[in-house]
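Report on the following structure.
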Amino acid sequence: MGPSATFLDDRGKAKHVLGLLRSARARWSKTWRGGRYLLGTLVAATATLAAAPLLCVPSLAQPWAERHRRRAGALLGQPVAPCPRPARRDLWWLVTQVVTGLPAGALALLLLCCLFLTPVIAVLWWAFPTAPWLPVMSVRITGWGTALPLGLVNLVVLAALAAVALPPLARAHARSCLAILAPSPAERLVERVTELTRTRADVLQAHGAELRRIERDLHDGTQARLVAIAMRLAVAGESFSDDPDAAAVLVRQAHAETEDAMTELRSVIRTIYPPVLADQGLAGALNALATRAGVPTHIDIGPLGDVPAAVEAVAYHAVTEALANIARHSRATSASVRVTRDGALLRAEIADNGTGGAYATRGSGLDGMRRRAAALDGTLEISSPPGGPTVITVELPCA
């Protein structure tokens, strides 16, 4: 075997060892997370048992149950949103918390205490010459020759027991917590109907406001200009035979007013359905929008397929509003827009490196974006911690 082959063999062994170390580290991380969750469950179950008379009050039981529902979701990597539920479900969870949390937490406490006390007792064996060894292979210690090997054996066995028992036990408890506190199909249906009712009211309100805006724009702008044009043309017609020069001036003024009226009419039409969408599609419209954004904007658009016109309009208006907010308020030096299609879901993600602190107050542009998305059964999420960055995600169903 040559030097190069030996080097490759040693390199392969090193990679294998690194892989084992990473695996062991990940396993220990899961064990520690599971043990910490179960210790918290033990404390919570003890507190629940001690404060049972107070927690029977629904107004106190609900936030207590909701807190532990979020803990369970965090352990399982499943973010949970607050949801209404009957008070009896919270009370049933209190009973389950005590019945399952006390033994599960006590087991975790026993394993972790033994695990951390094993090295201490191995070193201090001389302080307890008559004490039997902890808890695996209980043999009396007579010297360092028995203390260190037995200490190592106990440490390995306890660590293996903890790694095998604690993570699945913690996950099982977390799943039971989420299952008990999750809404039933009937409650989900009620929640869905409530959400659709609220969305329908928002859509009707937004639709009414949009109609009033269009009517106001047409009445105060285009209609007023058309009336002025008609009056000028009427005066020009009456004065043409007596003063052709004055009539010509009125005709030229009417022509200029006609061009202004057409410009205003195109502006109103653009707010209803931007012509650029009809001409270039969503990808072309967003690329054109980026070129005139107030900050340098990078556009990344994946294959979108056929997108309904209503979805295109909402996505375009959302990106337009987000980029306008970035230019006005964020003090950002760059922005990005990423639009992707995942099955029947269109996702638009607008990000900037500004100062953050954006949130959707009622009546704001972001609230308008949320309402537009909700009208199509879509969602809008805002991540904008103080100091930035800001990421706005709009998800719209295309089916």
Mind running side-chain contact (heavy atoms from CB on, under 4.5 Å) on L107 and L169 for me, showing each step along the way? CA-CA 10 Å; L107 176 61; L169 184 61; 3.9 Å; yes
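- Under the 4.5 Å side-chain criterion, counting only non-hydrogen atoms from C-beta, V394 is not in contact with R347.
- Listed by chain and residue number, R328 satisfy the side-chain hydrogen bond (donor to acceptor under 3.5 Å, both in side chains) test with N325 (two or more places apart in sequence, or in another chain).
- Proximity of T41 to H173: side-chain heavy atoms (C-beta onward) are separated by under 4.5 Å at one or more points.
- Inter-residue side-chain proximity for V337 and L323 is flagged as met; some heavy-atom pair is nearer than 4.5 Å.
- Put simply, the side chain of H317 does not reach to within 4.5 Å of the side chain of M369, judged on heavy atoms.
- Of the inter-residue distances, the one linking R89 atom CZ with I180 atom CD1 reads 9.5 Å to the nearest 0.5 angstrom.
- Here the options are L181, L55, L60, the test is side-chain contact (heavy atoms from CB on, under 4.5 Å), and the partner is D90; only L181 passes.
- Qualifying salt bridge (Lys or Arg N to Asp or Glu O under 4.0 Å) partners for R338, counting only residues two or more places apart in sequence or in other chains: D300.
- At least one side-chain heavy atom of L304 sits less than 4.5 Å from a side-chain heavy atom of V339.
- Once rounded to the nearest 0.5 Å, the distance linking CG of L161 with SG of C114 reads 10.0 Å.
- Rounded to the nearest 0.5 Å, atoms CG (L115) and CG (L155) are 5.5 Å apart.
- Annotation: the span from I392 atom CD1 to E349 atom CD amounts to 10.5 Å, rounded to 0.5 Å.
- Atom NZ in K30 sits 11.0 Å away from atom CG in L75 (nearest 0.5 Å).
- Qualifying salt bridge (Lys or Arg N to Asp or Glu O under 4.0 Å) partners for R171, counting only residues two or more places apart in sequence or in other chains: none.
- Between the CZ atom of R371 and the CG atom of L376 there is a distance of 14.5 Å, given to the nearest 0.5 Å.
- When side chains are defined from C-beta on, L42 counts as touching L109, because their heavy atoms get closer than 4.5 Å.
- Shortest non-hydrogen contact noted between C398 and V307 is SG-CG1, 4.4 Å.
- Residues T31 and R33 form no side-chain contact, since every pair of their non-hydrogen atoms from C-beta on lies 4.5 Å or further apart.
- Residues V391 and S384 fail the side-chain proximity criterion, which asks for heavy atoms closer than 4.5 Å.
- The aromatic rings of H68 and W64 stand perpendicular to each other, their planes meeting at an angle above 60°, with 30° marking the opposite boundary.
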Before you tell me yes or no, could you show the steps for L91 and V95 under side-chain contact (heavy atoms from CB on, under 4.5 Å), namely the whole-Å CA-CA distance, both residues' side-chain angles and the distance that decides it to 0.1 Å? CA-CA 7 Å; L91 296 178; V95 176; over 6 Å; no
